[in-house]
Structures are given as C-alpha cells and as structure tokens.
Amino acid sequence: GTLCPPWATRAATLATATIPVGLGPTALGLNSVANKIYVANNRSSTVTVIDGATNGTTTVPTSFAPLSLGVNQVTNLIYVASPSMNTVTIIDGSTLLTSQVPVGYDPRVVAVDPVTDDIYVPNYQDNTMTMINGTNNDTTTVPVGNSPIAIDVNIATNLIYVANYYDDTVSVFAGPSAPALQFVPVTPCRLVDTRPDRGGGGPIP
C-alpha cells in the first residue's frame, strides 16, 4: 500500500469565519476549559466574549481603553489592563460581573499564574510591577528596571520575568508560594463492595 503523508488524516479544513467585536481589538485571551475567547477592544473600552462553540458574542464594559488581558482558567477570572486609568478590570467568567483594582502608572500587559493564583502587571511609566492576590485582590508593588514592557511567568519554578525596555535588562522575581494543602477528615464510606457474601463478585481484576 501507499503511505499517506501525516497531514492526510487531519480533519481541519482551514475554513474561516469572521466575528465582529468591539473597536480596536488589541489583545486576546482563551479559556480552553470554558471554551470562551476574550478580546480587549481598546477604542470602545470593552471586552468581547466569544463562545467557542457557537461564535456568539457578549460585550462587557471595562475601564477606559484596555490594552491587554490575561485569563486564569482555574478560577475563571479575566484580568484586563487599562494603561490610561492605571487599573485592572476583573471579569468573572461565569457572571460577567466586573470589579476594578488600582495598580501602578501605565499598566500595559498582564501575566497570570494559575498555580499560585497571583496576577502580575508591570507599570511602564513608574518602573514598578504590581502583584494582585487573586483570592482577595490585595496588591503588592515592587520596583523593576526602566520602562517594564513585557512579562511572563514560569509556573513550574514560580519565577516572574519582566523585560525593561530602556535599561536593556530583565528583572527576575520569586513569586509567593501557593496556599498550603489542608487535611480535611471525612466520614469513611464504601463506594464498591465486592465481597461475595455481600452480593459482590469478588476482587476487581
């Protein structure tokens, strides 16, 4: 027989669809668990929520002129940075209700650590980074280099990397630890009884 090339069995057709969103879409985030796509619209000060199954959309107002966003797939919260308002808008992915958290001056990007539930926002104009505690929205601000403009998080090592545009450096931070695990005692219950004298069929192979 003839061997097919590896792409011959793919079902993708590369068919396209166009979905209208708000004015000036500048950033996009995805929650693959909820199958939702979030688009920050800079000129209309909104976030468009796209249903990945239907391509239907919902519009959520945010602080003025959002520029970037990050998605926590574990908590189903979306964090939207608005540089001109010095805030991060938090969108509840289930209810689409919003709240605002003040950060530093000119926040342009967002990074989310779903393991520790912390959100990191470098503030371009005041050379700082703000960490938002995802549980209670408390903030901590630390100095970085000159004009921090990019950020990423290594969720395996719990290290945060911030690129500083005007001093040609990268600031590296150790993030806070994840909350400690807790032992919760529960009353024992038998899920499956395989004993023959209790109606079972013996050990499960």
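All figures in this text were calculated on a predicted structure; none of them were measured in a lab.
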On a heavy-atom basis, which atom in [X] and which in [Y] lie closest, and how many Å separate them?
X      : Y      : value
Leu23  : Ser44  : N-OG, 3.1 Å
Thr57  : Pro20  : CG2-O, 4.0 Å
Ser82  : Pro66  : OG-CA, 3.7 Å
Val121 : Pro107 : CG1-CB, 3.3 Å
Asn164 : Pro148 : OD1-CB, 3.6 Å
Pro122 : Ile151 : CD-CG2, 3.8 Å

_I'd like to know whether Val103 forms a side-chain contact (heavy atoms from CB on, under 4.5 Å) with Ile132, so could you lay out the CA-CA distance, the side-chain angles of the two residues, the decisive distance to 0.1 Å, and finally the verdict._
CA-CA 9 Å; Val103 291; Ile132 304 172; 4.1 Å; yes
Nearest 0.5 Å, please: how far is [atom2] in [Y] from [atom1] in [X]?
X      : Y      : atom1 : atom2 : answer
Asn86  : Gln100 : CG    : CD    : 12.5 Å
Tyr166 : Ser147 : OH    : OG    : 6.0 Å
Leu28  : Leu69  : CG    : CG    : 7.0 Å
Tyr79  : Ser68  : OH    : OG    : 14.0 Å
Asn41  : Thr59  : CG    : OG1   : 7.5 Å
Leu77  : Thr98  : CG    : OG1   : 12.0 Å

*Run the numbers on Thr130 and Thr140 for side-chain contact (heavy atoms from CB on, under 4.5 Å), then give the verdict.*
CA-CA 6 Å; Thr130 300; Thr140 303; over 6 Å; no
*Side-chain donor-acceptor pair present, Asp117, Asn72, cut-off under 3.5 Å*: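 Distance-only check passes for Asp117 and Asn72.
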*For residues Asn158 and Ser177, is any side-chain donor paired with an opposing acceptor at under 3.5 Å?*
no
_With sequence neighbours excluded, residues passing side-chain contact (heavy atoms from CB on, under 4.5 Å) with Asn42_ =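 For Asn42 the side-chain contact (heavy atoms from CB on, under 4.5 Å) partners, ignoring immediate neighbours, are Thr26, Ala65, Leu67.
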*Under 3.5 Å, side chain of Thr89 to main-chain N/O of Ser63, donor-acceptor pair present?*
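Such a contact is found between Thr89 side chain and Ser63 backbone.
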*Expected output: side-chain Asn154 to main-chain Thr157 donor-acceptor under 3.5 Å*: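 Yes; judged by distance alone, with no hydrogens or angles, the pair exists.
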*asked:* Assess the residue pair Ser99 and Asn137 against the criterion (side-chain hydrogen bond (donor to acceptor under 3.5 Å, both in side chains)); give the C-alpha distance rounded to whole Å, side-chain angles, the decisive distance to 0.1 Å, and a yes or no.
replied: CA-CA 10 Å; Ser99 58; Asn137 292 337; 4.5 Å; no
Hey, quick one: are [X] and [Y] part of the same hydrophobic cluster, counting side-chain heavy atoms closer than 4.5 Å, chains of contacts allowed?
X      : Y      : answer
Ile91  : Leu30  : no
Ile119 : Ile90  : yes
Ile155 : Tyr120 : yes
Val49  : Ile78  : yes
Val153 : Val172 : no

_Full working for side-chain contact (heavy atoms from CB on, under 4.5 Å) between Ile50 and Val39_ = CA-CA 8 Å; Ile50 303 173; Val39 183; 4.1 Å; yes
*Side-chain contact, heavy-atom cut-off 4.5 Å: Asn31 with Tyr38?*
yes
*Heavy atoms, side chains only, cut-off 4.5 Å: are Met129 and Pro143 in contact?*
no
May I have all residue pairs that pass salt bridge (charged side-chain N to carboxylate O under 4.0 Å, His left out) and include part of [range], sequence neighbours excluded?
range            : result
residues 129-144 : none
residues 149-176 : none
residues 87-113  : Asp106-Arg108
residues 16-43   : Lys36-Asp51

*Check which hydrophobic residues are tied to Phe64 through side-chain heavy-atom contacts below 4.5 Å, counting indirect links as well, and list them.*
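Joined to Phe64, directly or through intermediates: Met85.
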_Worked verdict on Val101 versus Thr139 for side-chain contact (heavy atoms from CB on, under 4.5 Å)_ = CA-CA 8 Å; Val101 176; Thr139 61; 3.5 Å; yes
